[in-house]
Amino acid sequence: MTLARDTAMKNPTNSLKRRFSLKFLKTLVRIRKSRPPPSPSASSSWEIRWRAQKIKLAAYSSMALSVGSKRTWSRALTMKLRATMGNRRWSSWKGSKKMTKRRIVAKKNMEKRHLEKDMNSGLQQLRQLVPGGESMDPRSLLEETAHFVRCLETQVRVMRSIVEGFPC
Amino acid sequence: MENETFVRAIQPWQSMEIDCSFFTPQSSWDPSLDHQSYGIHLDPPPLSSSIVSSPAASNSNTPNHPLLPNATSLYVSAPLSSSVAEFSADPGFAERAARFSCLGSRSFNGRSSHQMGDGVTSLEPPYGMISPAKIPRVLSSPSLKPLGARQVKGNNHLQKSGDRAEVASSLEESSISDQKDNGDPRAAAADVNSRKRKAAQKGKAKAAVDKEEDSSPKRCKQNRGNDMDNAEEDDKKVKNDEKKAAEPPKDYIHVRARRGQATDSHSLAERVRREKISERMKLLQDLVPGCNKVIGKALMLDEIINYVQSLQRQVEFLSMKLASVNTSIDFNMDTLMSSEKDIFQSVNSGPNPQMYPPLDSSAFHGQHGSDGTSSHCSVDPLSMGACRSLDAHFPDIQYQSFCGGDLQTIVQMGFVQNSQKDNSDYSLQPLQVQASQLKVEP
């Protein structure tokens, strides 16, 4: 893999920011217009938390959609989100078969390799953090992490800029 | 309650520094972050592996890591490569043994200082750069063995210090603690090496001559250039790169065993894997702030994990904040979205700066009359808010680089709003000027 390709695959570009911003703003509009389901508590804090949850999901889903299927983590995240939203067409069972096979292969490779314990535990933690990281070999896991970190940074930047615009 | 959660969320990762980094010039960064480019701003090219400079990096002459200090190190190493060539023809064993010992200890020093996958630690270049204390120990007869090994394996171009670690482990048990490589393959490879060394000492002279040629039947890897990030390793790498460039490309991935290393297929594969991992770790190191100071794969991983967790926490915190803002504000996003869409299309099609003011004026015309001072009643808070935050930092070039087209439009809208904030009539003139500025920059 040439380094040019590495950097290209690793770096989300400005277009990603643009796409993410657009999608995120659209979702925000929808969320703002929506009303929380009636609940016994009906407190404003609960409503805020509910909204926050939806906004967080919206942020992650819009980021995953902006990235598309180019990245393993985006695919995994998309599948997971669709599953949580109840869309059975994209339910995770379809992908989990492939993932199981890859997971087995990855585990075998892991056993063969004599990784340090620290590194193993660190990788394990990383697998839990990065969506879809359970079945990846360390190298691609690190690559996915790099891209994921960049996308997260983009997300944080856009959200922060939106939030800071609002007068408190 | 919410404020407390917000504060708690902020503290863990010095998110203020990150925040500042978005909007302030680089000079005002937290010193721990100053050498990091998040891909946020337009760094001067030598530093960044950022988004903006990634095309430049891919087009750059350095065939390896985007960090441009490598380029300088490449040039620095050029004169050393000639000395390497001369050295290879030198029949003085003692001299070579001395140099080898220097190289050996040097490689260990290099490895101890650069834990992150020094797969390509070169051993030849740093002559006389090591602690002389190590030389006497190595100058005994065993020193010839690794020398012979190096000569023999010159064909295979053994370069990695991992195998040399095996050699040196027999000589010095000290500085291998930083070696995180495999223990078992190393021992096996050491036996292999010793056998090969004894057999090959006869063909030393010939090997020295043939070192440059790729006559090894083993598969040899060609891609070592990616790991060049240490000045002391670069001259060796330059030589390798030249050799690799001269060789014809093969069908399968060639793994070239480096000097002093096992040529066992397993260890070769291990080395390849390790190098790839270290390559990725280096990329991550650029992304995560403050990772340059951390040395060691495990610590780096911890830093990365912390960073990812902090980013996720920030997203959560920001979403909570947005939610609170959403509920407290009633605004109409439709006009904003429609106007933004128009502006997006216009941006994509290479817009005329003069297009913006009319759009903005139409978008905000209805909001002017409602409230000029307080912004959050009936004007569009999203655009307002974004604009207000953005236009304060608008002159900052780096901000603009990560703005993207959409935020750019928000910024332009914000200027309209900003001028209204003082309850004065906004003029299209400054907006046009700023729009043209925006157009110039990207």
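Being a predicted model, the structure only gives us computed values, none of them experimental. Naming convention: chains lettered A, B, ... in sequence-line order (proteins, then strands); numbering from 1 in each chain.
Rounding to the nearest 0.5 Å gives a distance of 11.0 Å between CG of B/L311 and SG of A/C151. Between B/R280 atom CZ and A/L141 atom CG the span is 11.5 Å, to the nearest 0.5 Å. The CZ atom of A/R150 sits 8.0 Å away from atom CG of B/D286, with the distance rounded to the nearest 0.5 Å. Atom-to-atom distance recorded for A/H147:NE2 and B/L284:CG is 12.5 Å, nearest 0.5 angstrom. Note: A/Y60 OH to B/E316 CD = 7.5 Å, rounded to the nearest 0.5 Å. B/S319 contributes atom OG, which lies 9.5 Å from atom CD of A/Q155 (distance to the nearest 0.5 angstrom).
Between A/M159 and B/V315, the closest heavy-atom pair is CE-O, 3.7 Å. A/L126 and B/I305 make their closest contact through CD1-CG1, 3.6 Å (heavy atoms, listed as atom of the first residue, atom of the second, distance).
Counting only heavy atoms from C-beta outward, the side chains of B/F317 and A/K56 never approach each other to under 4.5 Å. Residues A/L142 and B/L283 are not in side-chain contact: their nearest non-hydrogen atoms beyond the backbone lie 4.5 Å or more apart.
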Query - CA sep, side-chain torsions, deciding dist, call: A/Q53, B/M320, side chain to side chain contact (heavy atoms under 4.5 Å, CB included) - result: CA-CA 8 Å; A/Q53 173 78 7; B/M320 181 82 84; over 6 Å; no

